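The structure displayed is predicted, hence computed values, not measured ones. A, B, ... follow the sequence lines: proteins, then strands. Residue 1 opens every chain.
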2 protein chains.
Amino acid sequence: MTTTATTTAATAGEEGLGVAEAAQLCGLTAHTLRYYERDGLLVAPVRRTASGHRSYTAADLRWITMVTRLRATGMPIREIRTYAELCRRGGHEEERLAILHAHRERVRAQLAEVQGHLGAIDRKIDLYEQHLAAR
Amino acid sequence: MTTTATTTAATAGEEGLGVAEAAQLCGLTAHTLRYYERDGLLVAPVRRTASGHRSYTAADLRWITMVTRLRATGMPIREIRTYAELCRRGGHEEERLAILHAHRERVRAQLAEVQGHLGAIDRKIDLYEQHLAAR
DNA sequence: CTCCCGCTTCGAGCGCGCTCGAAGTCAAGG
DNA sequence: CCTTGACTTCGAGCGCGCTCGAAGCGGGAG
């Protein structure tokens, strides 16, 4: 594991993690990380070592972390791709902000809805507990 | 629309809605409602009129509403089916309660996680707004 | 020199949750 | 009697987000 890290890291003075390490840090699989890159979710293709292996920088990891946050809050892949494209081309700050704004509102709404449902589930659980206690 | 309601309702003294009406009330499609039934998500098959049409009672609608709550909070179809089966067979209160308990904890955890991500998104938005204001 | 291991690309496959269309039935209205 | 329209069943199809396996390469250890 440390040996593996050294494999790539030693060649470039500690900078750059392999795909497996990066994946583990982000809570994804190597397959998924490559898939995200293929699918244009990354601002730029990840740098490669001389032998063609991906080498993830700290900036790559920060971006990917943001992607996981967007995914975990339900932003579709397509929309993340759009956002990434805007970043890639530079500028477009208003549009990027608009995407984040819209997403935030959706997430807030969904959060409120889930909280409402959770309340109903709580009440259902209370009923079961009363029912079971009454025996 | 009111005419449609009468079609089925008039035959049985106001009790029982057609699939389309029930679907609309629950925020689902008629296709989905039939699919749920086929898939065993309902405690019992919905009653039929003489002509074989489904007729949803108030109790059906309450159950389906619960199903939509469970779905909206991310419970998988399979698990709802299991829960429905336990209800169908009668008894099994502890197991039903256990399912709801487990689900509640998952939902709470996921809620907390999403709130965390939302905070990060908020901060990102702030950065953009500062950046744009600084022009 | 050979072995092994982790990476590479590519394309197919999968699980989930619907979603839809075709073809047929039935009851009421004109 | 004929049309209309909401219903019925059945099975196929789809969109999403991965997930996986095959086949090949390159570089360090024994």
Quiz item: With distance as the sole test, does B:Arg71 use its side chain to make a donor-acceptor pair with the main-chain N or O of B:Met75 at under 3.5 Å?
Solution: yes

Self-check item: A:Arg54 side-chain proximity, nearest of C:dT9, D:dC18, C:dC18
Solution: C:dT9

Quiz item: Start at the 5' end of DNA chain D and walk down; is the nucleotide closest to A:Ala50 or to A:Arg34 reached first?
Solution: A:Arg34

Quiz item: To the side chain of B:Tyr35, which of D:dG26, D:dG17, C:dG17 is closest?
Solution: C:dG17

Practice problem: Just grab all the salt bridge (Lys or Arg N to Asp or Glu O under 4.0 Å) pairs involving residues 101-112 of chain A, residues at least two apart or on different chains. | Solution: A:Glu79-A:Arg106, A:Arg104-B:Asp122, A:Glu105-A:Arg108, A:Arg108-B:Asp122

Without placing hydrogens or testing angles, list every side-chain donor-acceptor pair under 3.5 Å for residues 35-43 of chain B, not counting sequence neighbours.
residue	atom	partner	partner atom	Å
B:Glu37	OE1	B:Arg54	NE	2.7
B:Glu37	OE2	B:Val46	N	3.2
B:Asp39	OD2	B:Arg81	NH1	2.8

Quiz item: Could you state the CZ-P distance from A:Arg47 to C:dT8, rounded to the nearest angstrom?
Solution: 15 Å

Quiz item: Just how far, in rounded Å, is C1' of D:dA6 from CZ of B:Arg48?
Solution: 14 Å

Practice problem: Would you kindly give the NE2-to-C1' distance between A:His53 and C:dT9, to the nearest whole Å? | Solution: 12 Å

Exercise. Taking only heavy atoms on the protein side, list every residue of residues 75-87 of chain A lying under 4.0 Å from any atom of DNA chain D, sorted numerically.
Key: A:Pro76, A:Ile77, A:Arg78

Exercise. Quick one: list whatever passes side-chain contact (heavy atoms from CB on, under 4.5 Å) with A:Thr29, sequence neighbours left out.
Key: A:His31, A:Thr32

Quiz item: Of all heavy-atom pairs between B:Leu61 and B:Ala22, which one has the smallest distance, and what is that distance?
Solution: CD2-CB, 3.8 Å

Practice problem: Could you check how far CD of A:Gln24 sits from P of C:dG6, rounded to whole Å? | Solution: 13 Å

Self-check item: Under 3.5 Å donor-acceptor, A:Glu21 side chain and A:Gly18 backbone
Solution: yes

Quiz item: Would you say the side-chain atoms of B:Arg96 pair up with the backbone N or O of B:Leu100, donor to acceptor, closer than 3.5 Å?
Solution: no

Quiz prompt | Selection from D:dG26, D:dG17, C:dC18 that lies nearest to any side-chain heavy atom of B:Arg71 | solution = C:dC18

Practice problem: Identify, between A:Ser51 and A:Tyr36, the residue whose nearest nucleotide on DNA chain D lies closer to the 5' end. | Solution: A:Tyr36

Exercise. Using the six-membered ring wherever Trp is involved, compare the ring planes of A:Trp63 and A:Tyr83 and label them parallel, tilted or perpendicular (cut-offs 30° and 60°).
Key: parallel

Quiz prompt | Interatomic distance where CD belongs to B:Glu21 and C1' belongs to D:dC7 [whole Å] | solution = 11 Å

Quiz prompt | Any donor-acceptor pair under 3.5 Å from A:Asp60 side chain to A:Thr57 backbone | solution = yes

Exercise. Look at the side chain of B:Val19 and decide which nucleotide, out of D:dT8, D:dG27, C:dC18, has an atom nearest to it.
Key: D:dT8

Quiz item: Expressed in angstrom and rounded to an integer, what is the separation of B:Glu37 atom CD from D:dT8 atom C1'?
Solution: 11 Å

Self-check item: Within residues 100-118 of chain A, residues whose heavy atoms come under 4.0 Å of DNA chain D
Solution: none

Exercise. Using whole Å, report how far CG of A:Asp39 lies from P of C:dG11.
Key: 14 Å

Quiz item: Tell me: NE2 of A:His31 to C1' of C:dC7, nearest whole Å?
Solution: 11 Å

Quiz prompt | Proximal nucleotide (of D:dG17, C:dC18, C:dG11) relative to the A:Arg38 side chain | solution = C:dG11

Practice problem: Sequence neighbours left out, what passes side-chain contact (heavy atoms from CB on, under 4.5 Å) with B:Ala44? Give chain and number order. | Solution: none

